[in-house]
Structure formats: C-alpha cells, structure tokens
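Heads up, the thing below is written out as structure tokens.
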There are 4 protein chains.
Amino acid sequence: MAGSMNKVIIIGRVGQDPKVSYTTSGQAVANFSVATDEGYRDRQTGQKVERTEWHRVVAWRQQAEFVANYIGKGRLVLVEGKLQTRKWQGQDGQDRYTTEIVADNIQGLDRMPDGQQPAQQGGYQQQGGGYQQNRPQQNRPPQNNNGYQQNNNGYPEDEDLGPAFPSEASGMDDVPF
Amino acid sequence: MAGSMNKVIIIGRVGQDPKVSYTTSGQAVANFSVATDEGYRDRQTGQKVERTEWHRVVAWRQQAEFVANYIGKGRLVLVEGKLQTRKWQGQDGQDRYTTEIVADNIQGLDRMPDGQQPAQQGGYQQQGGGYQQNRPQQNRPPQNNNGYQQNNNGYPEDEDLGPAFPSEASGMDDVPF
Amino acid sequence: MAGSMNKVIIIGRVGQDPKVSYTTSGQAVANFSVATDEGYRDRQTGQKVERTEWHRVVAWRQQAEFVANYIGKGRLVLVEGKLQTRKWQGQDGQDRYTTEIVADNIQGLDRMPDGQQPAQQGGYQQQGGGYQQNRPQQNRPPQNNNGYQQNNNGYPEDEDLGPAFPSEASGMDDVPF
Amino acid sequence: MAGSMNKVIIIGRVGQDPKVSYTTSGQAVANFSVATDEGYRDRQTGQKVERTEWHRVVAWRQQAEFVANYIGKGRLVLVEGKLQTRKWQGQDGQDRYTTEIVADNIQGLDRMPDGQQPAQQGGYQQQGGGYQQNRPQQNRPPQNNNGYQQNNNGYPEDEDLGPAFPSEASGMDDVPF
DNA sequence: TTTT
DNA sequence: TTTT
C-alpha cells in the first residue's frame, strides 16, 4: 500500500448510453465505454493517422447514480480512477480477463444535450423518491437480481457481492465492449 | 486528438525480469508486469484487506533498452504511459483482448540490486558495441525473428510490424501474464 | 532525473485572452490564467462552498502558437505540464517568486466561439505565410523586443534568452495575475 | 466544480525535516519542500544540464501526522495533491503570493533511515496516547498556539482558522522556502 | 509473478 | 534545502 500508485486519467467520448444495474446488496453499478483519440505519424508512410482507443469504465454507488443521470452516449467526459483486471468465464468455460477503469471521479465536460436534463428525467437528487431510473437499459431493480451465475461476473466479493450483470455476462465472452 | 487524454501512472514492483525481443524491423520491445497494492477496509467484516493488482507494461525502442539494462524482478518502478487494448487469437481461434500500458516514461525508484549494474552487464551506453543483451530470456536477436505467426501478436502494423513474441503467443491464450 | 516526476494536470476556464510575445531569439511565449473550481463543505457551518483557484500557465514555441490561434478568454481547456517557480525583482528591488505551469499539452475542450475560428484569423497552418498574429494584445513582433530589463523576467537563460515580458514585468510586482 | 481538475503529482527528495504545527482548532499542519530534477539538453551548448525545481508541500490532519512520523530530510517521496496559491503580507505590508501543493496522498518511496522508525519514535498508531511528537522542531502543542498574527498566514478560514506558523511567519516575507 |  |  505504501510505494504504490494506480492512477488513470482519460478524456474522451462516451460510446453508448451507460448500463446501470444493481448488486444483490443494492449497490448501483454503471458501465460504459469511452473513446480516446490519438494522432500520430506513420513511420513507414509519413502519413498522419488517427487511432481510436476504447476504454471500459465501471462506476459504483454515487458515481454510478451520477452516471445514470448525467452521462449519455456522445458526451465528452473526464474519468479518473484506477486500473482493475477481472477474471470471468467464457461460454467455453475458459478464463477470460477484462481490464477496466474503476472510476472515482467522473465529470461531463460539454453541455448536456437537450432531453437529457436531470429535471426532465427525475434525478437522484429528487426528494422523497429515492433513486429512479428511466432509460430502458438501466431499468433493473435490485429485486430482479435473482443471483444466477453468481461469482461469474468477475467482481471481487469484497467490492460488493452479487452478480453485477447477469444478462451481459453471457454476451461478454468474446467481445470486451 | 483534441479533447482527448489517455494517461496512466503506476508505481509498483516488477514481477519478473522483463522479456525483451525485437520486431522484424529491428525495434526493441520490452514486456513486464508491475504489481500495485491497495489497502482498504472490507465493508462486511470491517477488516483491513490488502489487494494486489497486476499491470502489463510494454515499452518500445529506447524505453525497451532502458528496461533491458536497468529494470529487473522486484524493482520498484514508476511507469507513465497510455492504455492500449490489443486483440489476438487464442488457440481455439477465438478473439482475445489484452490491455497494456504502453510506457513513455519508466524510472527505477529504488537502488539497483548488486549484480544488476549496467557496468557489469554491458549497458547500451557502452561505446563501440551497440546494444548487447545478456540475460537468457532476452537473448532473441532480430535475425532470429523469422516472422511466422505474423499479425497474431496483436500489435498494430503502424506501431512496428513483425511478430513481437512468437513463443509466448501460444501460451498466452488463457493466462494474461 | 531518475526517481523524479513533476506533473500537473488542470482543467478549467481561461480568464483572459492569452498574451503572446517573443524572446529576442524569436521564440513564441504565451501566458494565460486558468480557473479551477472546487466544491467542498465548510466544517463549521456545514454549508457548501465553491472556491476558485487561479493558475498561471506559460507555453513555449508550438504550444504558444497554438494558444495564440485557438485559446481565448472563457474557453474550457486542459493543460498538462510541470511546475516551475521563477524569481523576479519587484519595484522595491526585493525578490519575488511566481509559480507557473509550463505546459507541454494544451487542448481546448469546448467548441471554439464564433469569430475565433482559425480560418477567419489566419491560423499558423496557413501556407506560405509563416506565423501571423492578429489580436492586439498579441501583436509584439520579435524585432520590437529590444531587450531592456534583460534577465529581469525570471525565465532561465537556458529556457530561451531574452526578456519575455518587458511591459508586464513592472506591473507584476504585487499581483501575480 | 464540474469541468474542473486541479491535480499535481510529484516524486522527489525532501529538502529538510518537515515542520509540523497546529491550528488553534487543533488541526495538525505539516510543511516541507520537495526537489524534483529534470535533465535536458541546452539548446545553445548542446550540453546536458540538470535542473532542480523546489516545491512547497502542505499537508493537513492525518496526512500531517503521517508526515511528522515518517517523512524526514532526504527521503524520496510521492506527493499527490492540488495547487493552491495563498496571499500573505510581507514586512513591508505588501501582498505576496505563495503557491503550494496541498497534499492528499503522501508516500515514502525509499526505506526509512535508521533512527527514524516509528517504533523508536512512538508513532501515531500508538494506543492510549494520542499523537506524540518528538523531533524538536515539531514540538508545538496546540495550547501554545495563542493566535497572534491571526489571518496573516494565508490559509483560508474555511481550511481551518488560526495561525499556522507563528514563528515562521515573520521570516517568510521575502523568501518562499 | 513483486514487495513490505 | 534534497539526492544520484
């Protein structure tokens, strides 16, 4: 713990609307991808090339709820966090590894598009209502999280038990995003 | 390229002596893993837990040669770079993805262990000799790099052609490190 | 040089249009300030407080020309660089110190306001013309830089000789921005 | 607060033993300087030059106590934090400005020198004893902090009232370190 | 696979 | 004022 640092800072565009779900213990989790671009000059041709790198981001609890309410496809975001590689089982039973940025600081850097304002959506600041989601793919209440495929999601028990993404798990074994 | 940042900074211990090889075009590449530690308090038990995260690092050219000469197993290092996910084929023919830190700044933060000084090893600063390797696992001269399994290594053509690690490639389909 | 890092990353709003000038050796230098905001909760009152921090940024050469063409008052910018404290003489003859971020990466994060497009301004990409400035406060051609008050600007000789800001120097002894 | 980042990461050597004191409200504050080195090639002579940059660091509360117990002159440290410029009055009554790194993460990167181990010193982990200091220059109990020169220290009220460094204050008006 |  |  001393003599140790694990820090990532990326700025880029969100690829798709984040997917938000809940662990069995009721913790919110948000997953999304961010594209960063890099321009460089090809050593053979001397041509300018643009290269896009995709990053998987995972956010927990308050950060996840912020993501659910304010971050959508196409937004320019700042993500600060740490790298974490988790292990999961492919359909063929073999181990796979996915590296993600576990975010501890997420900010939108551009104006929120119209129709995405928290007031219209019902944000998590609303009083008396608890947290309310309204984009379809986020609508997974904790009680629906019945726990099949437990411990197949790659998230360590200590991070928060329960299957994070039952439905994605099966579709994730070949494509990381 | 504008409105974009892709930055990683880690400090940790090197797990094994780096593996250094050459692309067919003669570029040096070094690969090694770095462990970062994180202490946190378990939410259920309230116990202090130590968690180790492993990071794959790849260094090119000058950085690779620095690594070959100065970085060995157990050293405390600073690595600054960018995230890059590359695609490769498992033995079953399926796509796999590995995320690495492509380093642009590597520094040793502790004293070099005895028997690892560049003077004893023949460093790359030596005059008249060019670059000389001497640890067994690094001893892969460019001319031996005959190019089978080309484009199976996951490194983009533009980064520098040629198979980076023919021998590791086959052993890599299940374990990322 | 080994075991050393000096890194700053800020994101914030530019306070005033950058001031661009030239050293006697013809190097472009840009100076501007960036505001970062921080929200925190007051420990006494429990109230939310917003606090603004101002940062001085200096950019050299290509970075300075980029700043001259694309960065103006009010823009949201990313600045990556290193900290540098320089010494200068106040009017009372006493030493003063100013800490700046010497930028090696500057990016605009929002859309450029209309009337600030490089095409209308004549950007530094223009062909056949070399570098051309057009905002009044930037218009200080190298040949006007006649060198009085040399070595009073606080910039080290090695960074590039010559007085960076003869005119500001005298006004700077009490206020850093 | 959104669209804002203020982040500094430095690695370097501590110049002198930190100075630790207490605000009138009993909060610990530690101050020390860190040297970072930078090697570069002089553009005129082509010679390699080493340049040292000094950074002022301030740490509060738990971080300050960690500093008091573990960080001494000559140690290699990692400091992560934010930039803050504070205003203070010189003896001539004029405003001066000092930029510091307000640390939120401090780590020692080398082995602690003998005679500096916390066990010999009595660390702040000791039970039943509260925090105990033992290096002379740190020995400034809160009750001695009688508050003269209040609001002359440049620390904002909200950070924690009271004179941070009564004794240094008078010596600080011309030299920042 | 490192280290404290 | 540090250190290699």
Side-chain angles (χ1 to χ4, degrees), chain A residues 1-6 85 87 97, chain B residues 10-19 31-39 48-57 67 70-79 106-113 116-119 125 137 168 171-172 174-177, chain C residues 1-6 85 87 97, chain D residues 10-19 31-39 48-57 67 70-79 106-113 116-119 123 125 137 168 171-172 175-177:
Chain A
M1 188 181 161
S4 201
M5 172 171 257
N6 177 1
T85 298
K87 192 182 177 178
Y97 298 84
Chain B
I10 61 170
I11 295 174
R13 299 271 168 192
V14 175
Q16 293 294 340
D17 280 341
K19 296 184 178 146
N31 284 263
F32 60 103
S33 292
V34 173
T36 57
D37 292 316
E38 176 193 16
K48 258 194 187 173
V49 191
E50 183 102 340
R51 199 179 166 287
T52 297
E53 186 70 36
W54 286 96
H55 309 266
R56 300 197 65 161
V57 179
V67 166
Y70 297 105
I71 302 301
K73 171 180 176 175
R75 281 207 78 181
L76 184 67
V77 291
L78 161 73
V79 175
I106 297 175
Q107 296 181 30
L109 296 179
D110 52 6
R111 277 237 122 289
M112 246 176 40
Q116 254 189 353
Q117 288 97 4
Q125 317 96 317
Q137 79 275 27
E168 277 92 19
M172 256 166 68
D174 286 315
V175 214
F177 301 101
Chain C
M1 188 184 165
S4 200
M5 172 170 258
N6 177 359
T85 297
K87 191 183 179 178
Y97 298 85
Chain D
I10 62 170
I11 295 173
R13 299 270 168 195
V14 175
Q16 294 293 341
D17 280 341
K19 296 182 177 146
N31 284 263
F32 59 103
S33 291
V34 172
T36 57
D37 293 316
E38 176 192 18
K48 258 193 189 173
V49 191
E50 184 102 340
R51 197 178 167 289
T52 296
E53 186 70 36
W54 287 97
H55 310 266
R56 298 198 66 160
V57 179
V67 165
Y70 296 105
I71 302 301
K73 170 178 175 176
R75 279 207 81 181
L76 184 67
V77 291
L78 161 73
V79 175
I106 298 175
Q107 296 180 30
L109 296 178
D110 52 5
R111 275 236 124 290
M112 247 175 42
Q116 255 188 350
Q117 288 97 4
Q125 316 97 319
Q137 78 274 29
E168 277 94 22
M172 258 166 66
V175 213
F177 301 98

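Every chain is numbered from 1, with letters handed out A, B, ... down the list of sequences. Please read all numbers here as calculations on a predicted model, not as lab measurements.
Going from atom OH of Tyr97(C) over to atom C1' of dT1(F) covers 12 Å, rounded to whole Å. Rounded to whole Å, atom P of dT1(F) lies 17 Å from atom NE2 of His55(D). Taking atom CD on Glu50(D) and atom P on dT3(F), their separation rounds to 14 Å, with Å as the unit. Between the CZ atom of Arg51(B) and the C1' atom of dT1(E) there is a distance of 16 Å, given to the nearest Å. The OH atom of Tyr70(D) sits 13 Å away from the C1' atom of dT4(E) (whole-angstrom rounding). Across the protein-nucleic acid pair, Met5(A) atom CE and dT4(E) atom P stand 20 Å apart, rounded to whole Å. For Leu109(D) and dT2(F), the CG to P distance is 19 Å, given to the nearest whole Å. The distance between atom CG of Asp17(B) and atom P of dT1(E), rounded to the nearest whole Å, is 14 Å.
Between Glu53(D) and Arg51(D) there is a salt bridge, since a side-chain N of the basic residue sits under 4.0 Å from a carboxylate O of the acidic one.
Judged by distance alone with a 3.5 Å cut-off, a donor-acceptor contact links the side chain of Thr52(D) to the base of dT2(F).
For Arg13(B), counting side-chain heavy atoms from C-beta on, the closest listed nucleotide (dT2(E), dT3(F), dT1(F)) is dT2(E). Listed nucleotides dT2(F), dT1(E), dT2(E) differ in distance to Gln16(B); the shortest reach to its side chain belongs to dT1(E). Distances from the side chain of Ser33(B) to the nucleotides dT3(F), dT1(E), dT3(E) place dT1(E) closest. When each of dT2(F), dT4(E), dT2(E) is scored by its nearest atom to the side-chain atoms of Arg111(D), the top-ranked nucleotide is dT4(E).
Atom CG of Asp17(B) is separated from atom CZ of Arg75(B) by 11.5 Å, given to the nearest 0.5 angstrom. Distance check, rounded to the nearest 0.5 Å: CD of Glu38(B) to OG1 of Thr52(B) gives 9.5 Å. Taking CG of Leu78(B) as the start and CD1 of Ile11(D) as the end, the distance is 4.5 Å to the nearest 0.5 Å.
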